[in-house]
Undergrad: 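Take a look at this one; I'll ask things after.
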Amino acid sequence: MELIWVGAAYLAGLISSRLHLPPLVGYLMAGYALNLSGVEPNETLSHLADIGIELLLFTVGLKLKLSSLLRREVLSVGTLHLLIVTLVSALVYFGFNGQVTGGLVIGVSLAFSSTVLAIKVLEDSGELSTLYGRDVLSILILQDIVAIGLLAVANNKQPSPWALCLLLLPFLRPLAYRLLNASRDDELKLLLGIVLALAGGVLAQKVGISSDIGALLMGVMLAGHPDIDDLSKKLWGLKETFLAAFFLQIGLADLPGYDEVIQVFELLSLLPLQGMLFFALFLLVGLRARTAFVSALALMTYSEFALITSSVVVKAELLPPAWEAVIGLAVALSLAIAAPLNRFSHRIFSFLEPGLVRFERKVEHLDRLPSSIGGAEWLVVGMGRTGMSAYLAFKQQDMRVLGLDADPINLKNLLADGRRVIYGDAEDSALWETLPLEKVKGIILTMPEFEARSSSIKQLKSLKFAGSIGTVCFHNDEESELYRLGATFVIHPLIEAGKQLAEQLLDSTRELDLA
């Protein structure tokens, strides 16, 4: 059976990627194809799916800053959206005919967005640490916190008083750091990450809390360690494999009948309204139209959490059994629709931009673009490891250099270290139109996402930028395309590292020979 699951997921994922869609869309379709073929899910697949979600939330916790949950836009947008969608969903679909409790529980569930899809899309695009990525992540975590209380209502039982002890997990950080420092081998680091994620899930379940929250808090406990990026990369492939089981499991759920399918499409018809509500609320708290749009699109799904609550509500006889299949298909289709939309979110906004920017408030935006670069003659866009190395190289030559980054936490740390950096999202077309580039001699683009690098080069060329444009590539087919778009030079980090090693070794050998 395992061969059938994995084989079907691979083939469907391959077809999906060839159609320029995320593989997870293929996994969903594979699940429904197996369902129609008579294949049924079992406890093994469900267990693998649970592990995938725990590993996902653990890796999110590794990058989480708890202070981000307290930001005004997170609390106001997240809370208002939950209240509005809950009331509308409960009134429209469930009424007050003896199903008030079930209607409210499902209504709240439908107000939640898919944590799995949103985080996966943000990770794949390298935007999880951007301003809008952090807002989306924080709202998702706020929803997960509300979900704890909702499950208690749906199950008619309260979490154990010991559940509050889970909040103490992040305070065990010194011990966790020592364990990670002691795990010098790569395989030991990977095993430690898995152990901590699963341990957090088990502890949470023991006190009546969702295992996802326990895994998330375990990740928060390790957050800030210098080796976190390395650990996240090691967990990446394993997490992706287990998440395939989660998407297969959704497709393998019971299929609804004709009447239920009509209800599914009615639920799907509400998704654009949910997206517009998010967009309006983000604008209301002072975000620009681009940030509000891509954030709303990332949250415009139904949550996998609704699958859990629908099952609980049906078992409690608060709603008819058919609703379990309705919610299952609605969640699956919302994920299948949202995945490709989010992949092209910036392109979609560029098409709709003339109409959407008219709704921006005339205030100082939280995500305002820079209008001045001072006397900078060189710009480094993307202040990660590569960008920081380029920045320091310019500084050593006493060049007037300025760094740009879309990660507010990274910017805060760099400013504290005395670096000249400003906020700037390279995927925002308005960035290049706003910056005064007349005196800039060269721009280095180090963003991990190819789409961000290529679109930046195209925009710079369309603005008749006369300076040099340097960038990086991570795949052989990217190099020729970047040169075609107008890059002055393209560097492959791994290839250049090999060349540097060889040159350094030869230089040291010559010095020994001369000695």
Side-chain angles (χ1 to χ4, degrees), residues 68-85 88 111-115 117-119 121-122 125-143 270-303 334 337-371 405-409 411 423-434 449 451-452 455:
S68 62
L69 285 174
L70 302 177
R71 295 204 307 275
R72 176 168 61 89
E73 64 268 27
V74 172
L75 292 175
S76 55
V77 172
T79 303
L80 283 173
H81 180 269
L82 275 173
L83 290 174
I84 294 171
V85 175
V88 172
F112 293 163
S113 305
S114 172
T115 301
L117 180 122
I119 294 175
V121 167
L122 290 170
S125 62
E127 295 179 320
L128 189 58
S129 60
T130 62
L131 177 67
Y132 100 86
R134 290 185 183 277
D135 281 346
V136 169
L137 174 59
S138 299
I139 289 174
L140 290 169
I141 293 171
L142 179 65
Q143 291 177 349
L270 285 181
L271 278 177
L273 297 178
Q274 184 163 316
M276 286 188 280
L277 177 59
F278 266 125
F279 178 72
L281 291 174
F282 279 124
L283 290 178
L284 189 63
V285 297
L287 293 180
R288 294 169 53 243
R290 173 180 288 273
T291 309
F293 179 81
V294 293
S295 299
L297 204 57
L299 293 166
M300 198 179 72
T301 57
Y302 289 130
S303 173
S334 75
I337 294 169
L341 288 178
N342 276 275
R343 179 166 183 169
F344 303 107
S345 60
H346 293 282
R347 293 187 186 179
I348 296 172
F349 177 80
S350 296
F351 178 75
L352 300 174
E353 184 173 7
L356 294 180
V357 293
R358 293 183 298 174
F359 296 102
E360 288 183 353
R361 293 181 62 198
K362 304 302 181 183
V363 296
E364 185 175 0
H365 299 294
L366 299 172
D367 55 338
R368 60 188 179 277
L369 291 174
S371 58
D405 201 277
D407 182 347
I409 303 299
L411 287 174
Y423 172 80
D425 186 351
E427 294 213 54
D428 190 338
S429 59
L431 172 69
W432 304 114
E433 297 172 359
T434 304
E449 181 63 24
E451 181 68 26
S455 64

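Note that the structure is a prediction, hence the values are computed from the model and not measured.
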Undergrad: Taking the side chain as C-beta and beyond, is there a heavy-atom pair between Leu142 and Thr79 under 4.5 Å?
TA: yes

Undergrad: Can you find a heavy atom in the side chain of Leu277 that is under 4.5 Å from one in the side chain of Leu273?
TA: no

Undergrad: Can you measure from CE (Met276) to CG (Leu271) and round to the nearest 0.5 angstrom?
TA: 10.5 Å

Undergrad: How close do Ala338 and Thr301 get, counting heavy atoms only, and between which atoms?
TA: CB-CG2, 3.1 Å

Undergrad: Going by the rule side-chain contact (heavy atoms from CB on, under 4.5 Å), which residues pair with Ser345 if we only count those two or more places apart in sequence or in a different chain?
TA: Val294, Leu297

Undergrad: If you round to the nearest 0.5 Å, how far is NE2 of His81 from CD of Gln274?
TA: 4.0 Å

Undergrad: Can you list the residues that meet the side-chain contact (heavy atoms from CB on, under 4.5 Å) rule with Leu411, with sequence neighbours excluded?
TA: Asp405, Val421, Tyr423

Undergrad: Could you measure the distance from the CD1 atom of Ile337 to the CG atom of Asn342? Nearest 0.5 Å is fine.
TA: 12.0 Å

Undergrad: For Ile139 versus Gly78, what's the shortest heavy-atom pair and its separation?
TA: CG2-CA, 4.3 Å

Undergrad: Do Phe278 and Met300 come within less than 4.5 Å of each other through their side chains, counting heavy atoms only?
TA: no

Undergrad: For the pair Glu360 (side chain) and Arg288 (backbone), establish whether a donor and an acceptor sit closer than 3.5 Å, ignoring hydrogens and angles.
TA: no

Undergrad: Evaluate Leu140 against Phe112 for side-chain contact (heavy atoms from CB on, under 4.5 Å), listing each step before the verdict.
TA: CA-CA 8 Å; Leu140 290 169; Phe112 293 163; over 6 Å; no

Undergrad: Please verify the inter-ring angle class for Phe349 with Phe293; under 30° counts as parallel, over 60° as perpendicular, anything in between as tilted.
TA: tilted

Undergrad: Of the non-hydrogen atoms in Val136 and Ala118, which two are nearest, and what is the gap between them?
TA: CG1-CB, 4.3 Å

Undergrad: Considering residues at least two apart in sequence or located in another chain, which fulfil the side-chain hydrogen bond (donor to acceptor under 3.5 Å, both in side chains) criterion with Ser114?
TA: Glu304

Undergrad: Indicate yes or no: at least one non-hydrogen side-chain atom of Asp135 is less than 4.5 angstrom from one of Val77.
TA: no

Undergrad: Is a side-chain N or O of Ser455 found less than 3.5 angstrom from the main chain of Ala452, in a donor-acceptor match?
TA: yes

Undergrad: Taking all atoms of both residues into account, what is the closest heavy-atom pair of Phe282 and Ala296, and its distance?
TA: CE1-N, 4.1 Å

Undergrad: To check you understand the geometry: which heavy-atom pair defines the closest contact between Leu283 and Leu287, and what is its length?
TA: CD2-O, 3.5 Å

Undergrad: Check whether any side-chain N or O of Gln143 sits under 3.5 Å from a backbone N or O of Ser113 as a donor-acceptor pair, and report yes or no.
TA: yes

